[in-house]
Amino acid sequence: MKKINKKGEGDTLMNNVLGTALAIAATVIIIIWLWWTITDITKDTELEAAQSIADKIKARINALENGQSLNLTIQGFNQKDLNWYLLGWGKNQDGRPDKCFFESCICICGGTNAEACQNKGICRFFEVNEIEVGKPCLIEQNMYNEGLYEFTDQSGIQKIIAPNIDIPENLFVIQITKNQTFIQLLRYKQSYLRREVISDALLC
Amino acid sequence: MHKRGELTSGQIAKIVLAIAGFVIALFFLFFILDLKDFSSDEICRLSILTRATTPDEVERYAPIKCTTKKICLTEGEDCDQFIGETKNLADPIDLPRGQDEKRGKSNAAVKIEETVAKSMLDCWKMMGEGKMDLFGGSDMGPLNLIDANHLIRKETSCIICSRLAIADDVDPEILKEIDLNNYLEKEKVPNSEDGHTYIEEFTDRQVRAYPRDFEADLEENATTYTPTREIAVLFMQINTEATATEAGLSTGLKSAAFVFGTTTKGLGPLGVLSIKPASILSSIVGVGTGLIAGFQTYESRNIAAGYCGEFTSTEQKRNGCSVLTTFDYNQVDKINDYCWILEGYP
């Protein structure tokens, strides 16, 4: 007696299901890869670069023991719309951004004030009381800038510390010093770190 | 008699095979094939092409999206130089032990040379072998500098393609064995169809070996210094209205790719040309200051690859020079003297 195949039954259905399942799997993989690529292309690259720098600084600070310091080379980045700065606040310091309300922080921001850090900034947090971020620099003698404070280093020359570090578009060096209650980040020219000659000081 | 809905053994086998194949494909995709790195390279290449073919007026909307690659060479320890850096971090390269009898040096030194050479070549190829105009839109107008030869010069832009670090557990004696110049001259590029050496690849197969007096001059002008454990592969480019001859190339080699060494004598390409002290090439590579160095023990012994001539990728034809070299990543001030802008991302 002739065997009659029922509609939808047997190898044809199974082959179609398998083929469909494989096609769906391949499509999912391609979509995932496309998503990675598109995400990479459209991301805010300045913010990404700022994040890389912030992560690097945090990891280096965490790797330091109390009482140690190191000179860290950092690669800046090309800045189109905003100028970016490195800033820091102690946990009890006035004028800090809301992000840093509970802990001391070091931030990389698209501006020089707390509002800029709150709106477009990457912050990393530390369990110390005070954080100082600045750039010892020379200013013209008849200038005075609010928020700057003076110091005298080993060369005997008075300088001003600008309260932030401008992120240049090439390489720069910051000297990180850490102790139990205090973290200090100061930007110097590399030649100044070697010789402390006034001509090697940065300009404000 | 078959029950309705019952699977045959053949169908079960097919399902099992399909699932197994899918698992293997996923394993390959996520653990073997590094799609993230593949994507980073492709995005970089695409951004280079886009920048090179974008008109000056809208060049700012075509950023170069190349992230510096970080490569650690180690005998087991992590590289402290890359603490906290996770973007485009390559898998560490384990340096092999033992001696390479044929080359008369340690296998580790050979591996370091191989890695640096490969990184340089990858960078050169990625940047279009120096022939693409990547930074031409940075016209400073009246602020364009005019150097001593009254050649209009714009600020130099650079890209750090990769950083190579040697972990602290690697014996410093191994660093003294490194001779990158010799490696580039003698070793063939892996998977090269025509079996070319690195120097041939850098120079469009025009150069096979360094002239004797070229190498002699490199030896003569060597200055001892403490070798670094971190170098960067740097691509720099400068636009200039100078002709190739004014830039320092002989008429026989104008608009050609070349390799040259940075020596205190200002030795030009192939050792047979003289570079005028104020020429573009000398200003780019710091001839006379001996500042650029690699892993070698001595300064002023580093070969650089370069191209001077017309850039071919823009409607407005521009002349310029592209240079690829390695440098001590910790020589910050000196690098900044030449690289006013670093494109790409850390």
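Every chain is numbered from 1 and lettered A, B, ... according to where its sequence line falls, protein lines coming before strand lines.
Listed here is the closest heavy atom pair of A:A49 and B:P346: CB-CD, 3.9 Å. Scanning all heavy atoms of the two residues, the minimum distance from A:A59 to B:I83 falls at CB-CG2, 3.6 Å. Nearest heavy atom pair, residue B:D80 against residue A:R60, reads O-NH2, 3.0 Å.
Proximity to chain A is limited to the side chain of B:T68, based on heavy atoms less than 4.5 angstrom apart.
Rounded to the nearest 0.5 Å, atoms CG (B:N330) and CG (A:L72) are 10.0 Å apart. The structure places CD of A:E46 at 6.0 Å from OH of B:Y345, a figure rounded to the nearest 0.5 Å. One finds the OG1 atom of B:T86 at 8.5 Å from the CD atom of A:Q51 (value rounded to the nearest 0.5 Å). Here the SG-CD distance, from B:C339 to A:E169, works out to 12.5 Å after rounding to the nearest 0.5 Å. To the nearest 0.5 angstrom, B:Q81 atom CD is 9.5 Å from A:K56 atom NZ. In this structure, CD in B:E85 is found 9.0 Å from CD1 in A:I74, a value given to the nearest 0.5 Å.
Annotation: B:D78, atom CG; neighbour count of heavy atoms from other residues, nucleotides and ligands within 6.0 Å does not exceed 12. The 12-atom threshold is not exceeded at CD of A:E115, counting heavy atoms of other residues, nucleotides or ligands nearer than 6.0 Å.
No donor-acceptor distance shorter than 3.5 angstrom exists from the side chain of A:N78 to the backbone of B:E343, with no hydrogens or angles considered. A donor-acceptor pair under 3.5 Å is formed between the side chain of B:N336 and the backbone N or O of A:L171.
Put simply, the side chain of A:F172 does not reach to within 4.5 Å of the side chain of B:V332, judged on heavy atoms. Side-chain atoms of B:I341 and A:N170, non-hydrogen and from C-beta on, never get closer than 4.5 Å to each other. With a 4.5 Å cut-off on side-chain heavy atoms, B:L342 and A:Q75 count as touching.
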